[in-house]
Structures are given as C-alpha cells and as structure tokens.
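Worksheet for the structure shown next.
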Amino acid sequence: MAIERYNPRRTEARWQRVWDEREVFKAIDEDPRPKYYVLEMFPYPSGKIHIGHGRNYVMGDVVARYKRAKGFNVLHPMGWDAFGLPAENAAIERGIHPKGWTYDNIAAMREQLKLLGLSLDWSRELATCDPAYYSRQQKLFVKMFEAGLVERRTSLVNWDPVDNTVLANEQVVDGRGWRSGAVVEKRELAQWFFKITDFADDLLDAIGTLDQWPDKVRLMQRNWIGRSEGLKFSFDLVDGEGVQMEENLTVFTTRHDTIFGASFCAVSPDHPLAKDLGARNEEIAQFRRDCAALGTSEEAIERAEKRGVATGLYAVHPFTGARLPVYVANFVLMGYGEGAIFGCPAHDQRDLDFARKYGLPVLPVVAPKDEPDLEVGDEAFTDTEGDAVRLVNSEFLDGLSVPDAKEEIARRMEASGRAERKVNYRLRDWGISRQRYWGCPIPMVHCDHCGIVPVPEDQLPILLPDDATFDRPGNPLDHHPTWKDVSCPKCGGAARRETDTMDTFVDSSWYFARFASPAADDVVDSALMDAWLPVDQYIGGVEHAVLHLLYSRFFTRAMGRVGFGAIREPFKGLFTQGMITHETYRDPDGRWLFPEDVERQADGSVIVKATGLPAKVGAPEKMSKSKRNVVSPETILETFGVDAARWFMLSDTPPERDSEWTESGVEGAWRFTQRVWRLVGQVIELVPEKIAQPAEFGDEALALRRVAHKTIAAVSEDIEQLRFNRAIARVHEAVNAWGDQVAKLHGAPGPDMAYALREMAETVVRVSAPMVPHLAEEAWEALGGEGLLALAPWPQAEAALLVEDEIVLPVQVNGKRRDELRVAADADQETVEKAALELDAVKRALGDRPVRKIIVVPGRIVNVVG
RNA sequence: GCGGACGUGGCGGAACAGGUAGACGCAAGGGACUUAAAAUCCCUCGGGGACUCCCCGUGCGGGUUCGAUUCCCGCCGUCCGCACCA
C-alpha cells in the first residue's frame, strides 16, 4: 500500500456517516450490559460555538468511547438549555422572534457539534424551550406545589433594572446582575419560591456521600448551605422612661455563651421594629432609606462601615436586668436569623467596630486560661477552642468552657420559656419568578374568589403565545392583550394567568433525568430514570459548582417526593474542566482583533495584517466574543481535522486547569496524526497480513511488545482517572518506541518482529481511539481489523509483559545518585549490595570512608551510606 | 476578613504510596536529505565548572529521614470561592 497523507476531511466525514447510519451510539433501554451515563452540561444555544466550547464535550466523549469499549451500555445524550434572556434581547434589538432565533441557533450549533465527531445518542435530543419539555416541567411544578414544595410569598428581591427582572441571590455577583452587570436594587414583590431549605440538612449531609466530586465543589456547597446551630431568644423591651413595652425583641445567636458581654442590641433596617419606628421618627426613616439605596452593591460591601441609629428603646438583659440600647444598624441582615442581634463587642469584630464608633462598653467574657484579665483593643477575641479558654465576668458561667457555657445558657433560657435551640442556614429558598417572556410559564391562575389555583393536569401545557411583542420594557406576557385572561379552573369565573415565567435554572435542574426517557408522556418514566441514573460522570464548568448543581440535587429529592424516581443523588461523579484560553490582540488604537487578523513575525513580535503596525498582545484569557480571542472550529477542522483538535485539547494541560490554545500546539497534534498514519502504512507494507503469534521472541521484539502492553495498562488507568494529558503522553512514548524500531529495521522483519510491529500498530490505534476516533477507525480498517473499532472491545494488557525480568536500579551514595545497576528483577539483597559496592562511581564517591550501611529498596533504589 | 488550592526548565507540564527531578509536548539551536522549500529523520536543550567527571537546582528559611518536589513548622507569592450569615 502506498503511503498517502492522511486526509482528515474525507476520513472524518466518512466515519461520521457510518457511525450515524449504523446507530453505533444509541443507548439501549433494558440491556443486559451494565449501564454508564456520561453527560456534559448542556449548552445554551447562543449561536456559533468557538473551539473553546468543545473541550468538555470532547472529554465526555473520550469517557463515553472508552466505557463503551469496556463493555458498558453507554448513555451519552445532548440537549439545549434553550430558554433565557439573550433570545429576548435579540427580539428587542433586532426584531427577531425568540423562538426563531433559538431554533436557528440550535440548528447551527448542532451542525458544529456534529463536526466534533462526538459519540452522542442524538435520538434523545431535547430543548427546554420545546413544549414537549416544558409541559412536563409544568406538570412537575404543579405536583411540587401540591406537595407543599412551592410557595408564593412577598419578599425583598434582587431587582435587575436593566433586565427588568428578579434575580436569585446566587445570580447576584458582587452586587450586580450576573448577566446584565447592572447594580441590583432591592424591591418587595410577591414571588414564587421553591422550598429548597426544606432539604437543607439532607443536601448538606449527603455531600459526604459524593466521594467522586472535587473537594473544592463539596466545600463550596457546604459553605453555601452554611448551617449553624444556635439559640433564638427574646429580650423584654422598655422605652426611654423605663416603661415595659408590649413587644419584645427576638434575636438569633450562636454565641449565647457571651450573653454577659452584651452591650447593645441591633435590628436590621428592614426589621418590622425599624419600619414601625421609622414611621414616627424621621432620623430612623432617613437611615432606612440610605441603607436601601446602598443596596447590595460592591461599593457598599467594600466600604463596610458599621453605622447605626439609636432607637431610644432598651432591651433588658435576661440575667442582669441591665438595659442595653437598641439600634437600627446597617450590618444586620433581615434575611438571616431573626434580623436582630445582641452585640458582644469583645468577641465579635463587627460588634466591636460598632461599639468603638458609638462608645459602647467592651467587656471580655471569654479569655485564655493563662490570661484571665484579657484586654480587647481593636481586635475581637474569637477563640473558642475547648480547653484553652474559659468564661470570665459571667456570674454562674465563670470558669466554664465555651461549649459548656452555651449548654448552660441554653438550658436555663429554655427552662424559662424565652428561648429555643435553632438551626439556621445561609441558604435561602429559591425564588424562581422572572418577569420575562422566553421561559417556562408558571402554571397558576389568580382568581378573585378562589385565590391562587394551580392549572389542572388536563389543562396543561400552558403554552407561550407566539404573538407576543417586545417593543416596550417589562414582561411581554403581561402586555399581551388576551393571553392572561382565563376562567378559574375551580369556580369558572374570570381570572388571570400568572404571567411570571420560571428561572431558567429550573429547566436545567432535571434535564438529565428526562434524557433517560425523552419520549415519556409523564414527567419521566420512573423505572427508566432509576435504571439510568445517577449520571456516572458529569462534566462541566466550575462556575456551576453551587447554583446548577445544588438546584439539581434539590430537584432530584423533590422529584422523589412527588413520585418520580427513587435515586438520592443525580450526579455520582463530577468533573469540573478548565476553560480554553487564547492570547488577546489589539491594534494600536486599542480595538480588539481576531487571531486571524494578526501575524507573528520570525522575531516573535506580532503585527496587524492589514496595516503592518505592531499589535498589542495580551495574556491568555477565556475565549470570548467580546475580546475576539476566539478560534472557529471550521477553520481548524478544515486545516488539521477534528482529531488533531481533539488531541490538542486533551494534551499537555491537566483537564481541570485552563488550557491555552496555540497554533503551534494544534500543529504538533496534527503532526502526531500524520505520524501515526505513516507508521501504520509502513507496518502494512512490511507486514501485509495478520500473522500468528510466534513461540519465541527476540530481545527487540519482546521489548516492543512490552511497551505496547504497558501502554495499554497506563492509558486505561489514565482515562479511568480522567488524566487525559498523561494518557496522551503515554501514547506518544509508545509511538516514539514504535517509530524508532521501524527506523532501525533493515530488510524484512522476522516473524517475531513482524508480529510485534502489527501488535504495536493495533495497540496505538486502539488506545488512542477515544481521543482520535476517526483516524483510529480509518487505521483499524487499513490494518484489517474486524468490524467497526467504535464497537470493538478495549485491548487487554498481558500481565506477563508488564513485568521486566531485568531492571535498572539507581545507586546512591549518601543520598546522591552516582550510577545505576542492571540486575535481575528478583536479585536478592546480598547480590545487589555486592554489585553496588563494585561500581567505580561508588568507590570514587566513598573515597576512604568505610561503608556504614547499605539500604536496598527492592525494585527501587540502592543507597550506600558512608 | 474567613475558607480553600497551588508555586518544578524559555513555555504547558510529568514524577505510584518518601526512592534516578524535568517523562511527554511546544518553542529554540545545530545537522542530514533536497536545485530549493515543505515534510521527514538525527543531535543538543535547568544553571555553572577544571565538561568521560564534579558542584548547584522543584518560591524562601528551618526540621524529620539513609534519602524530601513529596512529610512537618515558619515566611513570601499567585489563583479561586464566600464576603457584614450574628
């Protein structure tokens, strides 16, 4: 066979067609093989993808192809996270309907993804904006409502004034909307909530079972849920004249041990008491307005100055009867605990800052054992360590440890009926109302007679109207002339539809379950859900470490509660991959340039192609359209082929880290594909037919076989651990050994070498197949492999070839390497010691010092101590 | 501020579980082949020296050990998450 250049364009198209026609990647329900579900976080169809988007799909594809070869029934589906604001913005800015815009984008991106040669089961494809999907979501919503997991209530919300919508806390980043970047305001609105806090403890505890998740993500979820155990209790209040008031003041604390150090109380500006007083007191009213205006902006947080206004009221200390001034303070949050605190300045930095500013007493009540007269300056003393600190200045608590003091206070206050133990979470319920068109309509009706009524199942789905208009701010569903007019499902009277749609995070909280039964008439087919789930390997960006993953874990529980599936956790294994980055380029005027607009000169400098002027080169950053540092897949695929792109994306950098896209890197990957193809051709020329395994192997042939089998073992191990960069290095090593051997041959190889060469060719092709599937399939065919490689089992390493019978032992003298020793692998200690001492380098290094000790670590090292 | 991760050649990175530091790739330099170029192949590639040999070297300073990139203590630096959560 003549050695031809490998032509990726022709080959890739051909095999993609064959795989497609033979439905090679279809996941089969009710199959005897063990199942394996691998899933990459599904994309938002924003239009065209750049090569940086491909990395996580390629990683998932390597796993899918590997597991398939390992004998698993693999489910590897793809879908579209298709609701969301950009579609609506396109409608507003360019007059394109969100539906058309979205489906066009999906079609374009599907074509692009197909070019990557992913082994996906496209028959399960879904789009969240498809009524077939969101109608089931509405049904699930109603079931959750009936199960008490959905609530409507008025609350302070994060209002994005640019997108004109409500944002969840998680969607506010540094006081700004996560998508619009606008400074978020606080507003009070009636909203729909999922009661995720009902599951707070379970979501927290079960993190312990997620042993195939990155520690980092588990920690982030723990911190996000933020469980803390404390005490809720109330103070009696008196006015300025000392007259007892009707109300009292309930606070939450985790440091009830410090109650004797309390010197003030403070309530949030949004606390009912503050509102009440604000109605009568202009100073407090003004302060409340100031705080609201400051909102949650980054600036406010950075300034973080503790401020407050005295209310003129006093809280009565439950043990001493002392009167503690009550303030309205900006650093007390209404959303956490009771929105009110007692301040113990000596042991809390915030309280201390506040006390110093307003001249309040600072009395230490916890002190190190050996320093009972602790003085507190500008730093609060926050140690609580079991034995090292003791209570002081605290009457009956003196001398107790912090935990004992907490227990004693809790016991006494509970007994007097003014306190209860309480667990608080940082996690809040999930507000899902969005004042938007392009989302899943919330299937509820507002009736003046019956109140809020869920839409009965037989009246679902509530479809979005196609004739919405986008020419003014606010919610198009609300503006629609007729859509919201309905009759009440209960009394039949005139009523209004809910015009809020759901947060798009709802859509992505159960899609992985829908993939198990994409055609199910019900929300899901529970039997199939339980058969396919959990997802064995989920792959996506770390930016979803909290939001999406926590919501999905909640949904899995909620679905279980309303009768869908019985799994506990949706994602058994999680992998967070790094981004692909690229250098940025700007022309002398500072405008961003695409990589193809610049050229690198021989001296390494970069010039603007159009003008010849020097370009400003910026550090590698995540590929983004706005900075134009993107590379389109089409360009790469036409030049180098998708296998080279896949190979490069997986090389060099560990998959969890960001990886820089470079032209020279892809070229290197392309050289690799060419080299393998060439070597395969050479082997076929040297050994045209498959030959039987000879009984005897010479040293060289045996050595080559050893490399092949060690490569199988190493690559398998690396792929199992998702260490793709290492797997690729191992394949390179094998190819180097293979190429060296081919170059060394003079004349026709003997039967042993002929066998070893073919074995090596097949091995390299098979173990690199998950990474470069098209090249591998083509080479497999050329080598006369049976059937499709995509369906072939994974090669097995022969154990006998993994162990050497002769090994090289490094020899150290006093811990420094001096020489090495070739010995039989099973050589005994005495033989090794003797041989080591014979070495010239060892004698030289020892000089005239006597040998004091020889350490022999079998199979590892020899160290002569002199 | 709190929590976490990480610091290895010119670059990306490797090094099982304390045992030859720098695998593999990229870049660079030299050579072969060619009329020439591309492609390919061979060699060099942490620093230094008296260069078949020796010294230094995994952010810095200590420690444990026969032996430390790996373990411990203390610094310095970078990145990430949370950010008034009582």
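Naming: A, B, ... by sequence-line order, numbering from 1 per chain.
Between B:rG12 and A:N725, no contact under 4.0 Å exists linking OP1 or OP2 to a side-chain N or O. For the pair A:R675 and B:rC41, the criterion of a side-chain N or O lying under 4.0 Å from OP1 or OP2 is met. Under 4.0 angstrom from either OP1 or OP2 of B:rA86 there lies at least one side-chain N or O belonging to A:S228. In terms of phosphate contacts, A:R723 brings a side-chain nitrogen or oxygen within less than 4.0 Å of OP1 or OP2 of B:rA14. The phosphate of B:rC26 (OP1 or OP2) has a side-chain N or O of A:R671 nearer than 4.0 angstrom.
Nucleotides B:rG48 and B:rA38, compared at atom P, are 31 Å apart to the nearest Å. Between B:rU52 and B:rA68, the two C1' atoms lie 30 Å apart (nearest whole Å).
Judged by atom type and distance alone, A:K216 does not reach the base of B:rC80 through any side-chain donor-acceptor pair under 3.5 Å. Between the side chain of A:R222 and the base of B:rC82, no donor-acceptor pair of N or O atoms lies under 3.5 Å.
Side-chain contact between A:V58 and A:R55 is absent, with no heavy atoms from C-beta onward closer than 4.5 Å. Counting heavy atoms from C-beta outward, A:L650 and A:V62 have side chains that approach closer than 4.5 Å.
Across all strands shown, the partner of B:rA5 is B:rU78, judged by Watson-Crick or G-U wobble contacts whose two distances both fall under 3.5 Å. Under the Watson-Crick or G-U wobble criterion, with both distances below 3.5 Å, B:rC26 is paired with B:rG10.
In terms of position on RNA chain B, the residue among A:E820 and A:E338 whose nearest nucleotide sits closer to the 5' end is A:E820.
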Side-chain donor-acceptor pairs of residues 658-673 of chain A under 3.5 Å, sequence neighbours excluded:
{"from": "A:D658", "atom 1": "OD1", "to": "A:M579", "atom 2": "N", "distance (Å)": "2.7"}
{"from": "A:T662", "atom 1": "OG1", "to": "A:G665", "atom 2": "N", "distance (Å)": "3.0"}
{"from": "A:T673", "atom 1": "OG1", "to": "A:W670", "atom 2": "O", "distance (Å)": "2.6"}

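Judged by distance alone, the side chains of A:T584 and A:N629 never bring a donor and an acceptor atom under 3.5 Å apart.
Distance CZ (A:F640) to P (B:rC26): 13 Å, rounded to an integer number of Å.
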